[in-house]
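Before any comments, here is the structure.
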Protein chains: 2
Amino acid sequence: MSQSGRVKMADVAREAGVSVATVSKVVNGRWGVSAATVERVLAVVGDLGYEASLGASSLRSHRTNVLGVLLAEFEPFSTELLKGVSEAVGHTDFELLAFSGGRSGGGVGWERRSLARLGGSLVDGAIVVTPTVVDAGNGIPVVAVDPHTGPSEVPTVDSDNLAGAMSAVEHLIGLGHRRIAHLAGRDDLESARLREEGFRRAMAAAGLAVDESLVRVGGYRAESADAVVREMLTGADRPTAVFAANDLTAIHTMAVAAELGLRVPDDLSVVGFDNVPESALTDPGLTTVAQPLHEMGRRAVEVLVELLQDGADGEPAHVRLPTQLVVRQSCAAPPR
Amino acid sequence: MSQSGRVKMADVAREAGVSVATVSKVVNGRWGVSAATVERVLAVVGDLGYEASLGASSLRSHRTNVLGVLLAEFEPFSTELLKGVSEAVGHTDFELLAFSGGRSGGGVGWERRSLARLGGSLVDGAIVVTPTVVDAGNGIPVVAVDPHTGPSEVPTVDSDNLAGAMSAVEHLIGLGHRRIAHLAGRDDLESARLREEGFRRAMAAAGLAVDESLVRVGGYRAESADAVVREMLTGADRPTAVFAANDLTAIHTMAVAAELGLRVPDDLSVVGFDNVPESALTDPGLTTVAQPLHEMGRRAVEVLVELLQDGADGEPAHVRLPTQLVVRQSCAAPPR
DNA sequence: CTGAAAGCGCTAACAG
DNA sequence: CTGTTAGCGCTTTCAG
């Protein structure tokens, strides 16, 4: 039947002998079409396999029943989150659209760009993952997961980064470590700032001084951390343990250590943060602070859907979930 | 500056004192605009933070520089693939859009629906993940990953399911197993069919008869496999080993075994297929057949981009990548 | 070099 | 109940 290109509403209309307006009404279940017509049109729709163009209908109706997830790139953190989001969305009748705009790693501002490109038409609401700047949305409801600025005027979902970081460092201290390094995220990320803060508090609580030369910014990506890690591990007085701000850089730390001939955990202990599945794939398995990533995704959907239904009444929600230390094999007592 | 809703091209035009047509030309880098005007418009664009609406521009131009990934839901298999896709797309100047249409698990036809909704406007080309029916695209280039029908008129990317399955079963046989069950996918999935075929060939090669009561369809999801697994493991003459058609059902098999008081691998050996990161998270770790998921995603992008640039000249590409057995701790010699 | 006008495919008032 | 008439925000001729 359908010969070239996509089937459009006009094709259905012609075939069914009605106007496009009528087809539109039928397709959208609007009132005021005779049962006979509805049936005929639906038959043709099925026949031709017609499906409305998301772009076109959204342009006009500003209601698409599609939820958007905006992210810088599809890496372990955001894909884990997506699993939770996907599961939760499956219980609603929304469709799900994940968008990664701009070039990988996204120059700053990807969240604004993406929001502008999709918002106001394609998606009814959006979940932005790890945004560094949140514009209170672009006319559409937005919830931020693990945002830059920490709780603000836009609803957020995150985990208890401070307590999580403390538990990780306490674990190292408990094993006997004194010379502990922190491979920090970036100052402009709230989660990273809190993890560093947790590191410092745990150290202070144990009466340990922080050697500032061992607190270095590695970002959240392997590439950005590489040079810093090498330097840290080849330095004269290298640390006996490293607390990395996330799993990706922790895993990279282990890789660099191996390359340098250091055994983990015998020569160097490593702790990460996130508990992405990849952290269990390393050898030895990475001890890390688990964030309930799936749950965070589910909660974000919950908050967003509620916003969509009830509107933004009152204070924005700020959901904070607990973290938990997952002990694997990457930590041991320090070498003597 | 921007007060309500999104900034649109008309706003930029007004502010810059030119027509929308001119703004459009500038924004799209078209020829024939004076340097002075270009500069002025660009300044306003930056100022107002203007970003073209994907929906609107795609509607008119049929070129969006966005690649689509269509999937039934965001589960481990497709998200691993996405990581590879994302990485590869990062090296191009395309943006990436992953869409999961319809309700979770998607009634059949989700691939057609999604393609119709996005194709012809929103995306320039699409990668469909595990489609059960491939319509040769909806006017746009399409490449299928791990498709239903096996190599066909649409380009495909998959892995060597037959050899992979054989290696898994040979591993079990090598350990001394004779009574091996196969938790099959579904007959209408090419990959599942080939895995079953591999199972049978390996058994035959070893001179072992297949007990047909131990070849049961579990689908690719935990829920669909649950009842079948329970029945299999509680039967009178239960198998000493199970080769599941994918990791998700293998993992579920281990869970059910644990629930029934069976120890893995002492009482029951289990092998999976896919090697999604989750397979390393189980206790004991799951022995499984690795598919190069990231690589498959990368290759799919490669094929798609080429299609987009050079058009579909000649035979459709069919990329088949090798699999590899990953031995963890879920298999041992059968109990005597 | 610039702007006016005509749609892309669809939905939302309105008339008939 | 049904069709006609306007656009949504943008790109693209085609005159000026």
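Here is the naming used below: chain letters follow the sequence lines, and residue numbers restart at 1 for every chain.
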So what does B:Thr37 hit on the nucleic acid, given a heavy-atom distance under 4.0 Å: a base, only sugar-phosphate, or nothing? sugar-phosphate

Closer to the 5' end of DNA chain C via nearest nucleotide, is it B:Leu59 or B:Ser34? B:Ser34

Check this for me: A:Glu39, atom CD, are more than 12 non-hydrogen atoms of other residues, nucleotides or ligands nearer than 6.0 Å? no

Are there more than 12 heavy atoms of other residues, nucleotides or ligands under 6.0 Å from atom CD of B:Glu295? yes

Go through DNA chain D in 5' to 3' direction and return only the first and the last nucleotide with some atom under 4.0 Å of chain B's heavy atoms. D:dG9 to D:dT12

Nearest-Å distance for atom pair CG/C1', residues A:Leu54 and C:dG9: 12 Å

Distance, nearest 0.5 Å, that separates CZ of A:Arg299 from OG1 of A:Thr156: 11.5 Å

For the pair A:Arg221 and A:Glu73, find out whether any cationic side-chain nitrogen is under 4.0 Å from an anionic carboxylate oxygen. yes

If you assign B:Thr22 and B:Gly55 each to the DNA chain D nucleotide with the nearest heavy atom, which residue ends up on the more 5' nucleotide? B:Gly55

Side chain to side chain, A:Leu71 and A:Val128, heavy atoms closer than 4.5 Å: no

Using a strict cut-off of less than 4.0 Å between a Lys/Arg side-chain nitrogen and an Asp/Glu carboxylate oxygen, indicate whether B:Arg298 and B:Glu87 qualify as a salt bridge. yes

Dump every N/O contact between nucleotides 12-14 of chain C and the protein below 3.5 Å, one line per pair.
unit_1, atom_1, unit_2, atom_2, d
C:dA12, OP2, A:Arg30, NH2, 3.4

Could you check whether B:Val23 gets within reach of a base, just the sugar-phosphate, or nothing at all, counting any heavy atom under 4.0 Å? nothing

Verify the contact: side-chain N or O of A:Tyr50 to OP1 or OP2 of C:dC10, cut-off strictly under 4.0 Å; return yes or no. yes

Any non-hydrogen side-chain atom of A:Phe99 less than 4.5 Å from a side-chain atom of A:Arg117? yes

Could you state the atom-to-atom distance from NE2 of B:His62 to P of C:dG7 in whole Å? 15 Å

Tell me whether the OP1 or OP2 atom of C:dC8 has a side-chain N or O from A:Ser53 closer than 4.0 Å. no

For DNA chain C, just give me the dot-bracket, please: Watson-Crick or G-U, both distances below 3.5 Å, ( ) intra-strand, [ ] crossing earlier pairs, | paired with another strand, . unpaired. |||||||||||.||||

B:Arg117 CZ - C:dG9 P separation (whole Å): 16 Å

Take atom CE of B:Met9 and atom C1' of C:dA4, then tell me their distance rounded to the nearest Å. 16 Å

If you measure from the Lys or Arg side-chain nitrogens to the Asp or Glu carboxylate oxygens, is any gap between B:Arg113 and A:Glu51 under 4.0 Å? yes

To the nearest 0.5 Å, how far apart are CG in B:Leu97 and CG in A:Leu122? 8.0 Å

A:Ser100 and B:Glu95: side-chain donor and acceptor closer than 3.5 Å? no

In Å and rounded to the nearest 0.5 Å, what is the OG to CZ distance from B:Ser78 to B:Phe74? 7.0 Å

In whole Å, what separates the C1' atom of D:dT5 from that of C:dA6? 16 Å

